[in-house]
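Notes to accompany the following structure.
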Amino acid sequence: MSTEAGRSDRAGFARLADRFPECRIVVVGDVMLDRYLAGPAHRVSPEAPVPVVLVKEEWDALGGAGNVAANVRALGARCDVIGAVGGDEAGKSVRRTLEAMGAGCHLVHDAGRPTTVKTRVLARGQQVVRVDREEDRSVAPAAARQVSSRVLSRLPRARALVVADYDKGVMSPSVIRRVLEAAAEEGVPVIVDPKRRNFFAYRGAAVFKPNRSELVAALGETVRPRDAGWIENARARIGCRHLLLTLGAEGMVLASPGEATEEFRVRARLVYDVSGAGDTVAAVVAVAVAAGADVAAAVGLAARAAALGVAKVGVAAVTREEIERSLPDPPPDPMVNG
């Protein structure tokens with residue numbers, strides 16, 4: 001069944017969003033710093049067939065679990081962030097940014113690894129190259145225990161838990177097991193944005209959100225998102241309650257037990273950068289579910305938010321006001337019009 005994403009109208013969303021400030025979301029996973037260098041490129045380097053970018057602007061933004069938190073805060077919900085950073089300037093920048101946006105910053109210091117930094121070079125709004133500095137092995141055992149304990153101490157006050165697993169080492173099997181068990185005991189729904197390493201470790205998640213390439217790599221077969229039997233079998237193999245498959249420009253597909261498969265599509269008017277779109281989806285689903293929306297309605301709003309996000313250059317959060325403006329007005333009341 002195909003659904004126009006964001007089925008609610010502006011007034012219905014406003015009523016839901018009024019409850020966002022009451023919702024506390026715990027976000028755990030790989031926190032990153034996204035660094036941008038931008039400027040014009042008018043010539044090709046004489047040293048190699050690459051453009052020469054004359055840097056005119058530089059800025060930093062939160063990536064990974066940090067970007068999920070930024071989107072949660074942009075919606076007006078409360079947020080606690082747990083992850084690991086190094087003792088470097090990038091780690092200090094991540095902490096400062098989280099604190100400035102009003103998120104609860106509960107980052108673990110792992111001296112044996114650098115903070116993950118992704119540097120993107122942009123020319124005329126288009127990414128020319130990306131340079132990564134990272135260590136993707138699992139965090140030290142002591143750091144893993146601290147990550148788990150900090151999540152567990154905050155779950156009793158949470159309405160949803162988002163796991164942003166980018167295969168950078170924070171979500172080790174022991175951490176995954178402990179936080180999922182604790183969330184189940186507290187009755188807190190878990191929304192998972194997975195990567196390959198721990199793909200099948202999240203049984204019991206409320207919403208499991210891979211993209212097409214991640215699902216292909218995990219299952220070892222061609223994805224058939226519009227084959228209801230296939231997608232239901234995939235959901236059962238993963239062991240999640242709701243499988244949310246993101247398909248880029250083709251939208252998203254939601255498989256839920258006992259329900260017909262739903263497709264969600266919203267066409268972005270402009271696509272500048274898809275960076276961080278998955279983080280936006282995870283954040284909107286978590287906050288909307290925490291505020292009382294059913295999963296299908298939450299996914300519809302998330303699809304609309306993702307379309308708004310890709311029209312921005314770089315990783316950027318989507319606000320409650322932007323989503324509200326993108327929704328249609330409510331239909332006229334026939335009783336008022338006679």
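Just the heavy atoms: all of them, side chains too, but no hydrogens, waters or symmetry mates, feed the values below.
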Should the pair [X]-[Y] be classified as a salt bridge under the 4.0 Å nitrogen-to-oxygen rule?
| X | Y | answer |
| --- | --- | --- |
| R226 | E250 | yes |
| E232 | R235 | yes |
| E324 | R320 | yes |
| E185 | R178 | no |

Give the minimum heavy-atom separation between [X] and [Y], together with the two atoms involved.
| X | Y | result |
| --- | --- | --- |
| R96 | E89 | NH2-OE2, 3.1 Å |
| V44 | V52 | C-CG2, 4.1 Å |
| G64 | Y166 | CA-CE1, 3.6 Å |
| V68 | A164 | CG2-CB, 4.3 Å |
| V281 | K209 | CG1-CD, 3.4 Å |
| V285 | A302 | CG2-CB, 3.7 Å |

Any side-chain heavy atom of [X] within less than 4.5 Å of one from [Y]?
| X | Y | value |
| --- | --- | --- |
| E134 | M32 | no |
| C240 | V192 | no |
| L62 | M101 | yes |
| V28 | M171 | yes |
| K118 | R130 | yes |
| L16 | R19 | yes |
| F264 | V253 | no |
| T116 | L33 | no |

Which distance, rounded to the nearest 0.5 Å, do you find between the [atom1] of [X] and the [atom2] of [Y]?
| X | Y | atom1 | atom2 | value |
| --- | --- | --- | --- | --- |
| E186 | L152 | CD | CG | 8.5 Å |
| R265 | R304 | CZ | CZ | 15.0 Å |
| R177 | S148 | CZ | OG | 9.0 Å |
| I191 | H242 | CD1 | NE2 | 9.5 Å |

- Message: Do N71 and T280 pair up side chain to side chain, a donor and an acceptor below 3.5 Å, judged on atom types alone?
- Response: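 Yes, side-chain donor-acceptor contact under 3.5 Å.
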- Distance-only polar pair, side chains of Y202 and D165, donor-acceptor under 3.5 Å: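 Yes, a side-chain donor-acceptor pair sits under 3.5 Å.
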- When clusters are formed from ILVMFWY side-chain contacts under 4.5 Å, directly or step by step, what else is grouped with L37?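 So far as hydrophobic clustering goes, L37 is joined with V53, V55, V121, V128, V129.
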- Item | Pair T319-L75, side chain to side chain contact (heavy atoms under 4.5 Å, CB included): steps then yes or no | CA-CA 5 Å; T319 67; L75 293 170; over 6 Å; no
Are there over 12 heavy-atom neighbours, none belonging to [X], within less than 6.0 Å of that residue's [atom1]?
| X | atom1 | value |
| --- | --- | --- |
| R124 | CZ | no |
| R137 | CZ | yes |
| R24 | CZ | yes |
| R212 | CZ | yes |

- Candidate pair R35 and W59, rule side chain to side chain contact (heavy atoms under 4.5 Å, CB included), full reasoning: CA-CA 6 Å; R35 182 158 288 156; W59 71 91; over 6 Å; no
- Task: Decide if the gap between the ring center of F200 and the ring center of F208 is smaller than 6.0 angstrom.
- Result: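 Centroid distance F200-F208: not below 6.0 Å, so no.
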- Query: What's the verdict on side chain to side chain contact (heavy atoms under 4.5 Å, CB included) for V175 and V179, showing C-alpha distance, side-chain angles and the deciding distance?
  - Reply: CA-CA 6 Å; V175 172; V179 301; 4.3 Å; yes
- Task: Could you go through the side chain to side chain donor-acceptor pair (under 3.5 Å) check for T115 and D88 one step at a time?
- Result: CA-CA 7 Å; T115 303; D88 45 25; 2.7 Å; yes
